[in-house]
Amino acid sequence: DRPITNAGNALQGTVSGVYALQKSGQPGADGAVINIRGVGTLNNSDPLVLIDGFPGSMSDVDASDISSISVLKDAASAAIYGSRAANGVLLITTKRGKEGKPTFRYNGSVGVNTPMHMPETVSSAQYARIMNEAAANMNQDPIYTAEQILGYENGADPNRYPSTDWLDLTIQNTVTTRHGIEASGGTEKVKYLVSAGVDHQTGIFPQTQQNVFNVRSSTDIRISKKFDISFDIRYQLRDMEGLNDQQDIYKQVIAADPTMVAYYTDGTYGYNAGFFTNPLVALYEGGQKFTNRHEASGLFKLNYEIIDGLTFTGIANVKYTFKGEDSQSRKLVYKNYFTQEIIEKGQNSYSDRRDQNNYYNLQALLNYKKSFGIHNFDILVGYQQESESSDWLKGSRSGYPTDLIWELNPGPKDNWSNDGNGEHWALASFIGRINYDYDNKYILSLSMRSDASSRFAVGSRWSTFPSVAAAWRLSQESFMEGT
């Protein structure tokens with residue numbers, strides 16, 4: 001029930017052996033880095049995330065739609081998922097409708113987040129004395145004169161002798177709001193659940209925020225005692241507003257010293273000769289980036305009991321993702337307060353990028369579950385096929401006469417670039433698993449998965465991943481009674 005903006009953060013401090021750390025508070029990039037029992041592979045060490053049995057990411061699902069999260073840590077339990085489970089598996093099950101009268105639920109939260117452990121700042125006079133002391137320790141001449149230090153101290157001329165707290169001018173508290181509604185219910189034959197939610201989050205910098213809209217429905221239909229179907233539909237819109245080179249702006253804010261002027265007394269931005277002139281100009285006038293990401297997915301599942309204990313399951317999952325990103329960099333204009341000189345840096349530019357991704361997953365499974373006295377069997381065999389194609393296209397132009405244009409066509413024809421690419425991969429898999437237990441005491445599990453990936457050359461695409469596990473439940477033995 002914690003108010004979180006990304007489902008990955010729900011694992012922080014809740015599961016032993018799972019490392020979950022939120023490394024950023026930036027809206028849209030605040031998901032947790034998750035490792036299960038440490039880093040198991042080079043490069044990408046993320047666990048495999050399965051949402052209702054299909055690969056995804058923690059940001060794909062609204063936290064309020066999650067019914068449970070299971071963590072597979074050991075190799076034996078994860079082997080049936082193939083090489084992608086080398087770093088463990090997170091199994092996410094979403095909520096479904098239950099038999100009963102229609103129920104309606106609302107959950108909402110509003111929170112204010114305050115940046116913690118920020119660097120302590122000093123006044124410009126203190127800074128000047130510290131810099132002079134550092135120079136003296138290196139047998140160098142003082143950097144600031146006594147007259148300058150006095151000017152910083154009395155603050156009579158803030159244009160020449162400012163005392164600027166850059167963190168106070170740029171860093172702000174963030175606001176997070178969540179609102180969700182849910183309707184569920186059903187009969188013995190039909191069960192349903194419909195949910196919708198909206199999340200709003202602002203960043204520590206002005207002009208940074210994210211809005212996420214989620215809509216999801218699930219329906220379970222029991223056609224007969226042996227035959228049932230279900231289908232889920234989900235849509236998510238992620239709308240983000242950010243800054244160009246946000247990390248670089250933060251570095252400028254941290255590196256800027258209090259002797260640099262932020263605003264002149266006439267309200268114009270201060271001009272400071274040096275490596276960077278004024279972080280506020282880059283923050284408010286440097287340009288913005290707008291990203292909107294649409295994701296729609298559908299899941300269809302059918303179960304048919306062929307004979308007592310033997311069930312066929314067919315599953316189809318499709319997902320379509322489209323992302324548009326508009327980014328603008330502006331020409332920065334400064335005016336020297338004392339000389340009235342106009343200084344221009346950079347130029348107006350605009351870029352437009354479009355990404356799209358298509359994914360499908362098909363599964364056919366046979367599951368036999370039967371008990372013969374004290375002998376219990378659970379056997380699964382199946383086939384799975386996945387395919388994903390993606391492509392992107394980007395165009396940009398520079399030298400616009402104004403920063404009011406957010407289109408490519410009006411831009412100069414002599415200063416442009418474009419780029420694009422696409423890729424496609426497919427995966428075919430055969431899976432098998434046998435679970436046997438004797439009198440619920442002695443357990444044996446055998447599993448195998450054979451994968452073929454289009455990423456490898458013909459003749460080297462198939463690989464098999466077997467596993468064996470055994471267990472003894474001491475608690476079920478007669479000599480453990482009463483302990």
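In this chain, residues are counted from 1 in sequence order.
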For a quick check under 3.5 Å, do [X] and [Y] share a side-chain donor-acceptor pair by atom type?
X      : Y      : value
Thr202 : Thr174 : no
Asp248 : Gln252 : yes
Asn357 : Tyr359 : no
Thr93  : Ser67  : no
Gln236 : Glu295 : no
Ser429 : Arg449 : yes

**Study point:** Test: Arg160 cationic atom under 6.0 Å from Phe338 six-membered ring centre, within 45° of axis
**Key:**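 So Arg160 does make the cation-pi contact.
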Whether over 12 other heavy atoms sit under 6.0 Å from [X] [atom1]:
X      : atom1 : result
Gln340 : CD    : yes
Gln247 : CD    : no
Leu332 : CG    : yes

Check your understanding: Is it true that Arg96 and Asp232 have a side-chain N and a carboxylate O under 4.0 angstrom from each other?
Key ->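 The answer is yes: the pair qualifies as a salt bridge.
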Exercise for review: Identify whether the distance between the nearest side-chain nitrogen and carboxylate oxygen of Lys95 and Asp65 falls below 4.0 Å.
Suggested key: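 So Lys95 does not pair with Asp65 through a salt bridge.
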Check your understanding: Looking only at heavy atoms, which two atoms of Leu299 and Phe54 are closest? And how far apart?
Key ->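 Leu299 and Phe54 have their closest heavy atoms at CD1-CE1, 3.0 Å.
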**Study point:** Residue pairs involving residues 407-425 (criterion side-chain hydrogen bond (donor to acceptor under 3.5 Å, both in side chains); sequence neighbours excluded)
**Key:**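 Qualifying pairs: Ser387-His424, Glu388-Trp425, Ser396-Ser417.
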